[in-house]
Protein chains: 2
Amino acid sequence: MKGRLGEIKEQLARREHRLTPQREAIVRLFLERPDEHLSADEVFTHIRARLPEIGLSTVYRTLELLAELGILQKLDFGAGRSQYELSLPDAGHLHHHLICLRCGKIREFQPDGLEELEEAVARETGFEILDHSLRFYGLCEDCRDER
Amino acid sequence: MKGRLGEIKEQLARREHRLTPQREAIVRLFLERPDEHLSADEVFTHIRARLPEIGLSTVYRTLELLAELGILQKLDFGAGRSQYELSLPDAGHLHHHLICLRCGKIREFQPDGLEELEEAVARETGFEILDHSLRFYGLCEDCRDER
DNA sequence: TTAAGTGCAAACCGTTTGCATGGAT
DNA sequence: ATCCATGCAAACGGTTTGCACTTAA
């Protein structure tokens, strides 16, 4: 039984990529907080605490690489910057987002019944559907009260 | 019976805004193609054919204003630029997007059964849900064949 | 007449890229 | 020795903003 980090190292090796200290630090950051959505700049700030010499472009390149390998998922919530989250292999795609319009908090939820809808739309339109994204926008419990 | 353009002029007037030739041209462009999703730059290019002196910043300011008034809907498909579509008041929100990952084509569809899901999620999480967005990503009929 | 609106150019900001250096295999 | 990877700084592209001029009401 080897840890998630070991698996990732192998995934990288298979593509002739190395698990450098910078990459390891970034992967660890996401493994430590499996539920967070971090922007490149947030990652940069966190990592710099341990690796002060790291460059922002290394962060961008690493995030892109990890997203290509399917280890991270790149999300665009439209605030002019992308965010990344750990892509749990066992969770499949049954995980979507609930976004607070006031404080920006993001929660996850698992919807049911999207598959049938997906099939119906595919049949109707001739599209081959490969992925989907469902988002609900609103006010979280805290922000609803403060209104 | 006054046209849609007249209504929009009144909506603007209510907020002490004017319907200038530039704004009228932009509104007309969207009214002429109710099903398209246009970026600021595409709008700029189209309008410049009739109003060569128009500035790109005017386009941006107008799009923002029209979105604020609910006349346009701002969409972010994550390609680094926003797109705008006419927001038909009668269509409500039952209109979602199907995006081709190969050619970027965007189609609309109307899903059913999202309301129940929305209520269930609201109950579970304490969120007050105000809006939602459902997107399917895949290959359109043309691109599927060319593969 | 006067506040809203415009065009232009510069600023902005997240992201990408070119390049010389550094390090793992 | 080779080639992947890094840090830095410059470039990039969509968007926003400051400002003097213009114009619709």
Side-chain angles (χ1 to χ4, degrees), chain A residues 5-6 8-27 37-69 71-84 104, chain B residues 5-6 8-27 29 37-69 71-72 74-84 104:
Chain A
L5 198 62
I8 290 170
K9 181 165 185 178
E10 285 179 17
Q11 265 185 81
L12 286 167
R14 239 172 276 136
R15 297 252 231 131
E16 333 255 73
H17 289 303
R18 301 164 190 163
L19 184 59
T20 61
Q22 291 89 334
R23 288 178 182 167
E24 183 173 333
I26 292 173
V27 170
H37 310 80
L38 302 169
S39 67
D41 200 66
E42 286 166 343
V43 171
F44 181 54
T45 304
H46 276 113
I47 301 297
R48 218 167 20 169
R50 284 201 252 162
L51 281 178
E53 6 38 271
I54 198 172
L56 183 53
S57 48
T58 300
V59 172
Y60 275 105
R61 285 188 276 233
T62 301
L63 294 174
E64 191 189 359
L65 176 62
L66 294 174
E68 255 177 59
L69 293 174
I71 293 159
L72 296 181
Q73 176 117 26
K74 185 176 185 174
L75 303 169
D76 189 347
F77 292 115
R81 66 215 217 305
S82 295
Q83 293 181 255
Y84 295 80
Chain B
L5 197 61
I8 289 171
K9 182 166 184 176
E10 286 180 16
Q11 265 185 84
L12 285 167
R14 241 172 273 137
R15 299 250 232 132
E16 333 256 70
H17 288 303
R18 302 164 189 165
L19 185 60
T20 61
Q22 292 89 335
R23 289 179 182 166
E24 183 172 334
I26 291 172
V27 170
L29 177 64
H37 309 81
L38 302 170
S39 68
D41 200 68
E42 287 166 344
V43 172
F44 182 54
T45 303
H46 276 112
I47 301 297
R48 221 170 15 172
R50 282 201 252 163
L51 281 178
E53 6 37 271
I54 198 172
L56 182 54
S57 47
T58 299
V59 172
Y60 274 105
R61 286 188 276 233
T62 300
L63 293 174
E64 192 190 358
L65 177 62
L66 294 174
E68 253 176 61
L69 293 174
I71 294 159
L72 295 181
K74 186 176 185 175
L75 303 169
D76 190 346
F77 293 115
R81 66 214 218 306
S82 295
Q83 293 182 254
Y84 295 81

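The chains referred to below are lettered A, B, ... by the order of the sequence lines, with proteins before strands, and numbering in each begins at 1. Here the structure is a predicted model, which is why all the values come from computation and not from measurement.
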Identify whether any heavy atom of B:Arg61 sits under 4.0 Å from a base atom; if not, whether one sits that close to sugar-phosphate; answer base, sugar-phosphate or nothing. base
A:Lys74 NZ to C:dG14 P, straight-line distance once rounded to whole Å: 14 Å
Side chain of A:Ile54 - closest among D:dA5, C:dG5, D:dG7: D:dG7
Considering just the side-chain nitrogens and oxygens of B:Tyr60, establish if one lies under 4.0 Å of OP1 or OP2 belonging to D:dT16. no
Heavy-atom nearest nucleotide on DNA chain D taken for B:Ser57 and for A:Leu19; more 5' hit belongs to A:Leu19
In whole angstrom, give the distance that lies between atom CZ of A:Phe44 and atom P of D:dT6. 13 Å
Smallest heavy-atom separation, B:Leu69 atom then B:Gln11 atom, equals O-OE1, 3.3 Å
When you check the phosphate oxygens OP1 and OP2 of C:dT15, does a side-chain N or O of A:Ser82 lie under 4.0 Å from one of them? yes
Does a nitrogen or oxygen in the side chain of B:Gln22 sit under 4.0 Å from OP1 or OP2 of D:dT23? no
Rounded to whole Å, please give me the gap between CG in A:Asp76 and C1' in C:dT15. 12 Å
B:Lys9 NZ to D:dA25 P, straight-line distance once rounded to whole Å: 5 Å
Taking only side-chain N and O atoms of B:Thr20, does any of them lie within less than 4.0 angstrom of OP1 or OP2 on D:dA24? no
Along DNA chain C (nearest heavy atom to each residue), the more 5'-positioned of B:Glu53 and A:Leu56: B:Glu53
Give one of base, sugar-phosphate or nothing for B:Arg18, where a contact means two heavy atoms less than 4.0 Å apart. base
Interatomic distance, NE2@B:His17 vs OG1@B:Thr62, rounded to 0.5 Å, equals 10.5 Å
Taken to the nearest whole Å, CG/B:Leu12 to C1'/D:dT23 is 16 Å
